[in-house]
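As structure tokens, the structure follows; a few thoughts come after it.
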There are 2 protein chains.
Amino acid sequence: MHGIEIAVSTVIFALRHDPRADCTALWMPLVRRVREPYEGSWALPGGPVRPDEDLTDTARRTLVETTALSPTYLEQLYTFGHVDRAPRPVPGPRVISVVYWALVRPEEAERGIEDENVAWHAADHPPELAFDHATIVEYALWRLRTKMEYSRIAQAFLGETFTLAQLRQVYEVVLQRTLDPANFRRQVESSGGVEPTGEHLVGGRHRPPMLYRHRAASDLADNGPLTRL
Amino acid sequence: MHGIEIAVSTVIFALRHDPRADCTALWMPLVRRVREPYEGSWALPGGPVRPDEDLTDTARRTLVETTALSPTYLEQLYTFGHVDRAPRPVPGPRVISVVYWALVRPEEAERGIEDENVAWHAADHPPELAFDHATIVEYALWRLRTKMEYSRIAQAFLGETFTLAQLRQVYEVVLQRTLDPANFRRQVESSGGVEPTGEHLVGGRHRPPMLYRHRAASDLADNGPLTRL
DNA sequence: TAAATAGTGTCTTTAAGACACTATGGA
DNA sequence: TCCATAGTGTCTTAAAGACACTATTTA
């Protein structure tokens with residue numbers, strides 16, 4: 001008897017601009033499986049937990065090893081442990097996956113590895129995925145969209161400073177609907193999550209917008225008592 | 001090397017009436033540890049996952065085995081896997097706990113086992129707990145209170161039929177604040193989560209209130225795409 | 001000066017909350 | 001008849017959304 005093996009997988013989201021369609025959308029990196037089962041299929045990056053490694057450390061390590069990405073936001077999503085997650089009969093032990101989800105900034109996403117076995121895909125229309133990873137991606141998307149409504153995680157998609165138009169675009173792309181610029185501005189300003197830097201963005205084609213930064217005091221995520229972990 | 005062991009624990013909440021203080025509060029059953037580490041301390045009910053058992057099945061099975069309780073609501077909470085969850089050095093392998101949280105009805109809670117090694121405790125003032133179980137209980141309480149605000153899980157604390165005053169009491173006890181009966185009634189009625197049975201509660205000391213039931217169509221929890229699992 | 005985005009003002013709608021009021025049973 | 005609770009009506013406040021308006025830059 002092999003017992004149960006425990007692994008960590010991560011769904012990573014980034015906003016990427018597609019020059020061909022001239023639109024920005026949610027993308028995620030996937031890795032190609034190089035052995036059975038599901039050899040050749042795309043799957044979430046991840047790997048087994050080492051004996052002396054915290055679960056978040058496994059998530060970060062496997063992310064760097066397979067995609068070279070360092071996320072600005074990382075949170076546990078759900079643990080998937082159904083007995084029939086892998087088609088049976090299957091060689092090897094049953095695997096339980098602790099799944100994390102992560103957000104990376106566009107510049108970071110550009111630096112990520114991209115080759116035959118690691119590639120970005122549209123999060124809303126993923127290719128055929130190994131195991132139960134399609135379900136996992138769907139759930140991660142739902143969590144992202146739900147959490148956008150009541151927290152400040154949108155800021156994790158952006159760099160140190162940003163304009164309100166950029167922040168609004170994050171919401172518009174993720175939630176897939178347009179937002180009124182005037183009302184959006186008022187909401188964000190009164191929420192206290194951002195503060196003006198005093199600088200303006202230069203080089204644009206129109207009136208230079210104010211640059212804002214995250215307010216350090218405010219927590220992005222609202223995970224209650226788990227913030228410390 | 002032993003590898004990693006995987007276990008399931010569950011935080012179970014019920015509303016119990018304390019006759020001495022004449023007040024209703026949130027209680028949870030705990031089990032006493034009968035071996036090291038933490039021998040004699042109180043801990044959450046649970047146990048190891050069997051090789052061919054789904055995680056929710058482990059939760060239900062260990063609940064019945066240790067407390068004889070069958071919950072009306074059961075949902076995964078979080079997976080705790082810190083390397084130092086148990087004080088080191090410690091005999092035996094590292095344990096990762098997939099934690100669930102559950103709600104049971106008062107009648108069901110009455111039927112539960114209660115002896116020297118299984119007892120109910122006030123959820124807000126638990127005794128000294130083994131491992132990281134104090135953190136876990138705190139997080140479960142936070143999730144319960146957060147979820148009360150935007151879902152219908154309160155109904156999982158009640159039986160088939162109930163009055164709006166009973167439903168309101170669930171909110172008041174869990175959220176620890178009083179609610180306006182008039183506004184509460186309007187909110188619940190317009191939410192579409194309940195429907196009147198046409199019957200009235202008899203035997204009370206005052207005007208007999210209408211009895212309501214849950215509307216089958218409406219989902220209690222709002223877990224997005226994970227409702228199926 | 002035209003175009004485009006930055007940013008402001010204000011009205012409408014909606015929901016939450018406070019609170020006075022009527023209704024109906026039991027003691 | 002009194003009291004406690006069931007249940008209704010209505011006013012105030014706050015937030016969300018629609019949308020017209022002014023401001024400032026580049027081309």
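Just so it is clear: chains get the letters A, B, ... in the order the sequence lines come, proteins before strands, and each one is counted from 1.
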ask   = For B:V173, what residues pass the side-chain contact (heavy atoms from CB on, under 4.5 Å) criterion, not counting sequence neighbours?
value = B:L15, B:T24, B:Q169
Shortest non-hydrogen contact between B:F13 and B:F157, atoms and distance = O-CE2, 3.8 Å
remark   = In numerical order, the residues of residues 146-158 of chain B whose heavy atoms come under 4.0 Å of DNA chain D are none
note = Judged by nearest nucleotide, the residue sitting upstream toward the 5' end of DNA chain C, A:H200 or B:Q187, is A:H200
query = If you count the non-hydrogen atoms of other residues, nucleotides and ligands that lie under 6.0 Å from CZ in B:R215, is the total more than 12?
reply = no
query = Can you list every pair that meets salt bridge (charged side-chain N to carboxylate O under 4.0 Å, His left out) and has a residue in residues 194-208 of chain B, with sequence neighbours left out?
reply = B:E195-B:R213
Partner residues of B:E110 under the salt bridge (Lys or Arg N to Asp or Glu O under 4.0 Å) criterion, sequence neighbours left out = none
query = Rounded to whole angstrom units, what separation is found between the CG atom of A:L179 and the P atom of D:dG17?
reply = 8 Å
task = If a pair satisfies ring-ring contact (aromatic ring centres under 6.0 Å, His included) and one of its residues is in residues 165-213 of chain B, list it, with sequence neighbours excluded.
result = B:Y171-B:F184
inquiry  = Using a 4.0 Å cut-off on heavy atoms, which residues in residues 163-177 of chain A reach DNA chain D? List them by number, or say none.
reply    = none
key: Positive for side-chain contact (heavy atoms from CB on, under 4.5 Å) with A:I153, one of A:V170, A:V174, A:D222, A:L103   = A:L103
query = Are there more than 12 heavy atoms of other residues, nucleotides or ligands under 6.0 Å from atom CD of A:E149?
reply = yes
key: Flag for A:T161-A:T197: side-chain donor and acceptor within less than 3.5 Å   = no
message = Minimum heavy-atom separation for B:A59 and B:T10, please, with both atom names.
response = CB-OG1, 3.8 Å
message = According to side chain to side chain donor-acceptor pair (under 3.5 Å), who are the partners of B:D115, at least two apart in sequence or on a separate chain?
response = none
query = What integer distance in Å separates B:L201:CG from D:dG7:P?
reply = 10 Å
request  = Please identify each residue that fulfils side chain to side chain donor-acceptor pair (under 3.5 Å) with B:R143, with sequence neighbours left out.
outcome  = B:E75, B:Y139
inquiry  = Tell me the interatomic distance from A:Y212, atom OH, to C:dA6, atom P, rounded to whole angstroms.
reply    = 11 Å
message = Measure CE/A:M210 against P/C:dG7 and give the value in whole Å, please.
response = 7 Å
Please write out each protein N/O paired with an N/O of nucleotides 23-27 of chain D under 3.5 Å, distance rounded to 0.1 Å.
unit_1	atom_1	unit_2	atom_2	d
D:dA23	N3	A:R207	NH1	2.9
D:dT24	O4'	A:R207	NE	3.4
D:dT26	O4'	A:R205	O	2.9

For nucleotides 9-11 of chain D, tabulate all protein N/O to nucleotide N/O atom pairs closer than 3.5 Å, reporting atom names and distance.
unit_1	atom_1	unit_2	atom_2	d
D:dG9	N7	B:R186	NH1	3.1
D:dG9	O6	B:R186	NH2	2.9
D:dT10	O4	B:R186	NH2	3.3

message = Looking at every non-hydrogen atom in both residues, tell me the closest pair between A:S151 and A:A221 and how far apart they are.
response = CB-O, 3.8 Å
remark   = For A:T163, the side-chain contact (heavy atoms from CB on, under 4.5 Å) test, sequence neighbours excluded, returns A:A165, A:Q166, A:L201, A:P209, A:L211
task = With axes from five pairs an end, tell me the bend angle of the helix from C:dT1-D:dA27 to C:dA27-D:dT1, nearest 10°.
result = 0°
query = Should the pair A:E108-A:R111 be classified as a salt bridge under the 4.0 Å nitrogen-to-oxygen rule?
reply = yes
Among B:L30, B:I136, B:L144, B:L141, side-chain contact (heavy atoms from CB on, under 4.5 Å) partner for B:V11 = B:I136
inquiry  = I need the CG-C1' distance between A:L211 and C:dA6, as an integer number of Å.
reply    = 13 Å
